[in-house]
Amino acid sequence: MKRFWKNAGIKETQDECIVVLDQRNLRTPSKHIVKFPKEQRELALLTAAEWDVQTTNLKQHTLPLTSVIARSFDAFDPVLTEDPRVRPQVIDKLMTYFDTDATCYHEIFPENLAQLQDVHWKPIIEWTENHFDVKINTTTDIFAKPQPEETKAKLRKVIEGLDAMGLAAFERAVMSSKSFLIGLALIHRAVSVEDAAKAAHVEMNAQMDRWGEVEDSHDVEREYIRQTLGSVAIALMHKQ
C-alpha cells in the first residue's frame with residue numbers, strides 16, 4: 001500500500017476526536033471510524049502522528065499503535081465486534097502463555113544469564129504475587145511446572161475484566177514479549193517500557209554479552225520490541 005494522503009490530523013466535535021487523513025476519516029480493517037472521547041485527545045493526536053510520519057510505502061509494522069487500536073475496535077469492543085466469540089478465545093490463548101511463561105523457568109548457568117534473570121524477572125514475579133495475592137511457581141528444572149489453579153483463576157478474572165483497549169494492549173504485550181507476566185506488569189504500569197523490553201530480551205542480551213551483537217539482527221529486534229511495547233503503553237496512557 002502506498003501513501004495516498006498529504007496530511008494526517010484530527011477532527012474535533014463536541015464530544016469526540018476523529019483521526020483523519022486529508023479530512024477523510026481513518027477506518028479500521030472492519031471499516032470502523034477511528035475516534036476517541038474528547039478526554040483521549042492526546043491518543044488521537046498520537047495516532048494521527050503515526051500516520052503523518054509514514055513514508056511512500058506503507059508498512060504494517062510501522063503502525064503499532066494503530067494496530068492495537070484497530071484490534072480493540074474490531075475484535076473486542078462489545079458494540080463494534082462482528083464476532084463476540086473472539087474475546088473469550090483470545091483470553092484462552094493468552095492463559096496458555098502463563099503455564100509456560102519463560103520468566104518462571106530460570107537457569108543456573110551461564111552465570112550472566114542467571115544474573116539477568118534475577119535482575120529483570122524476579123521483580124515482576126514478586127510484584128504479581130504481592131499485587132494480586134497469588135503464588136507464582138518458578139523452577140530451574142527443564143520440565144514444565146504448572147501454575148496453581150487458584151492463581152490461574154484469579155489472573156484470568158483480571159484479564160476478563162479488561163476493557164477492549166486493555167485487552168488489545170495486553171494481547172500485543174504478551175505476544176511480542178512472549179510472556180504473560182511481562183505483559184501483565186506493563187499494562188498495570190508496574191514496569192516501564194524499557195524494563196519490560198529488557199525482561200523480554202534476557203536471553204538475547206545474555207547471548208550478546210557472551211558472543212557479541214549480530215548487526216541487523218539483535219539491534220533490529222531490540223528496537224522492534226521497544227516500539228511495540230511503547231505502543232501498548234501509549235494505548236493505555238489515559239488510564240489512571
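Just the heavy atoms: all of them, side chains too, but no hydrogens, waters or symmetry mates, feed the values below.
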**Item:** Asp15 versus Thr13, side-chain donor and acceptor atoms under 3.5 Å
**Value:**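 No, because no side-chain N or O of Thr13 sits under 3.5 Å from a partner of the opposite role on Asp15.
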For [Y], is there any backbone N or O sitting under 3.5 Å from a side-chain donor or acceptor partner on [X]?
{"X": "Thr228", "Y": "Tyr224", "answer": "yes"}
{"X": "Lys31", "Y": "Thr28", "answer": "no"}
{"X": "Glu16", "Y": "Lys38", "answer": "no"}
{"X": "Arg189", "Y": "Met237", "answer": "yes"}
{"X": "Gln54", "Y": "Glu50", "answer": "yes"}
{"X": "Asn57", "Y": "Lys2", "answer": "no"}
{"X": "Thr81", "Y": "Asp77", "answer": "no"}
{"X": "His120", "Y": "Leu116", "answer": "no"}
{"X": "Asn25", "Y": "Ile33", "answer": "no"}
{"X": "Asp22", "Y": "Asn7", "answer": "yes"}

**Request:** Report the C-alpha separation of Arg3 and Asp52 in whole Å, then their side-chain angles, then the decisive distance to 0.1 Å, and conclude whether the salt bridge (Lys or Arg N to Asp or Glu O under 4.0 Å) test is met.
**Result:** CA-CA 10 Å; Arg3 178 168 179 154; Asp52 208 34; 3.7 Å; yes
Any side-chain heavy atom of [X] sitting closer than 4.5 Å to one from [Y]?
{"X": "Lys152", "Y": "Met95", "answer": "yes"}
{"X": "Leu167", "Y": "Ser72", "answer": "no"}
{"X": "Glu12", "Y": "Ile10", "answer": "yes"}
{"X": "Glu39", "Y": "His238", "answer": "no"}
{"X": "Ile124", "Y": "Thr103", "answer": "no"}
{"X": "Ile159", "Y": "Leu184", "answer": "yes"}
{"X": "Ser30", "Y": "Leu80", "answer": "no"}
{"X": "Thr128", "Y": "Val134", "answer": "yes"}

Hey, quick one: are [X] and [Y] part of the same hydrophobic cluster, counting side-chain heavy atoms closer than 4.5 Å, chains of contacts allowed?
{"X": "Ile18", "Y": "Val34", "result": "no"}
{"X": "Leu45", "Y": "Val53", "result": "no"}
{"X": "Ile69", "Y": "Val20", "result": "no"}
{"X": "Met165", "Y": "Phe76", "result": "yes"}
{"X": "Tyr105", "Y": "Val119", "result": "no"}

With sequence neighbours excluded, residues passing ring pair (Phe, Tyr, Trp, His ring centres under 6.0 Å) with [X]:
{"X": "Phe73", "result": "none"}
{"X": "Phe36", "result": "none"}
{"X": "His32", "result": "none"}

In Å, rounded to the nearest 0.5 Å, how long is the span from [atom1] of [X] to [atom2] of [Y]?
{"X": "Gln89", "Y": "Leu94", "atom1": "CD", "atom2": "CG", "value": "12.0 Å"}
{"X": "Gln117", "Y": "Lys122", "atom1": "CD", "atom2": "NZ", "value": "9.0 Å"}
{"X": "Arg226", "Y": "Ser176", "atom1": "CZ", "atom2": "OG", "value": "12.0 Å"}
{"X": "Ile182", "Y": "Ile225", "atom1": "CD1", "atom2": "CD1", "value": "8.0 Å"}
{"X": "Lys11", "Y": "Leu26", "atom1": "NZ", "atom2": "CG", "value": "11.5 Å"}
{"X": "Leu58", "Y": "Leu63", "atom1": "CG", "atom2": "CG", "value": "5.0 Å"}

**Request:** Go through the steps for Ser67 and His61 under the test side chain to side chain contact (heavy atoms under 4.5 Å, CB included), then give the verdict.
**Result:** CA-CA 9 Å; Ser67 178; His61 72 270; over 6 Å; no
**Message:** Going by ring-ring contact (aromatic ring centres under 6.0 Å, His included), name the pairs with one or both residues in residues 161-187, residues two or more places apart or in two chains.
**Reply:**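 Sorted result for residues 161-187: Phe98-Phe180, Phe170-Phe180.
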**Prompt:** Considering residues at least two apart in sequence or located in another chain, which fulfil the side chain to side chain contact (heavy atoms under 4.5 Å, CB included) criterion with Thr140?
**Reply:**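 Thr140 satisfies side chain to side chain contact (heavy atoms under 4.5 Å, CB included) with His106, Ile108 only.
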Which heavy atom of [X] sits nearest to which heavy atom of [Y], and what is that distance?
{"X": "Ser231", "Y": "Val68", "value": "OG-CG2, 4.1 Å"}
{"X": "Asp101", "Y": "Leu181", "value": "OD2-N, 2.9 Å"}
{"X": "Ala102", "Y": "Trp121", "value": "O-CZ3, 3.1 Å"}
{"X": "Val232", "Y": "Ala173", "value": "CG2-N, 3.9 Å"}
{"X": "Leu229", "Y": "Ala197", "value": "CD1-N, 3.7 Å"}
{"X": "Pro88", "Y": "Arg156", "value": "O-NH2, 4.2 Å"}

**Asked** Taking it one step at a time, do Asp163 and Lys239 satisfy side chain to side chain contact (heavy atoms under 4.5 Å, CB included)?
**Response** CA-CA 11 Å; Asp163 63 12; Lys239 296 182 179 294; 2.4 Å; yes
**Request:** Evaluate the side chain to side chain contact (heavy atoms under 4.5 Å, CB included) criterion for residues Leu43 and Leu65: first the C-alpha distance (whole Å), next the side-chain angles of each, then the deciding distance (0.1 Å), finally the verdict.
**Result:** CA-CA 9 Å; Leu43 182 56; Leu65 178 58; 4.1 Å; yes
**Request:** Determine, using ring centers only, whether Phe132 and Trp127 are less than 6.0 Å apart.
**Result:**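 So the answer is yes for these two rings.
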**Message:** Using the salt bridge (Lys or Arg N to Asp or Glu O under 4.0 Å) definition, which of the options Arg71, Lys93, Arg87 pairs with Glu171?
**Reply:**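 For Glu171, the salt bridge (Lys or Arg N to Asp or Glu O under 4.0 Å) check succeeds only for Arg71.
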**Request:** Check the surroundings of atom CD in Glu111: do more than 12 heavy atoms from other residues, nucleotides or ligands lie under 6.0 Å from it?
**Result:**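 At most 12 heavy atoms, drawn from other residues, nucleotides or ligands, come within 6.0 Å of this atom.
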**Request:** Please check if atom NZ in Lys154 has more than 12 non-hydrogen atoms from other residues, nucleotides or ligands closer than 6.0 Å.
**Result:**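 Buried by this count: over 12 neighbours within 6.0 Å.
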**Message:** Please evaluate residues Leu186 and Asp195 with respect to the criterion side chain to side chain contact (heavy atoms under 4.5 Å, CB included), reporting the C-alpha separation (whole Å), side-chain torsions for both, the decisive distance (0.1 Å), and the verdict.
**Reply:** CA-CA 9 Å; Leu186 180 62; Asp195 287 340; over 6 Å; no
**Residues forming a side-chain hydrogen bond (donor to acceptor under 3.5 Å, both in side chains) with Thr138, sequence neighbours excluded** =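 Residues passing side-chain hydrogen bond (donor to acceptor under 3.5 Å, both in side chains) with Thr138: none at all.
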**Message:** Under a 4.0 Å threshold between the charged nitrogen and the carboxylate oxygen, would Asp99 count as salt-bridged to Lys145?
**Reply:**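 Salt bridge between Lys145 and Asp99, a charged N being under 4.0 Å from a carboxylate O: no.
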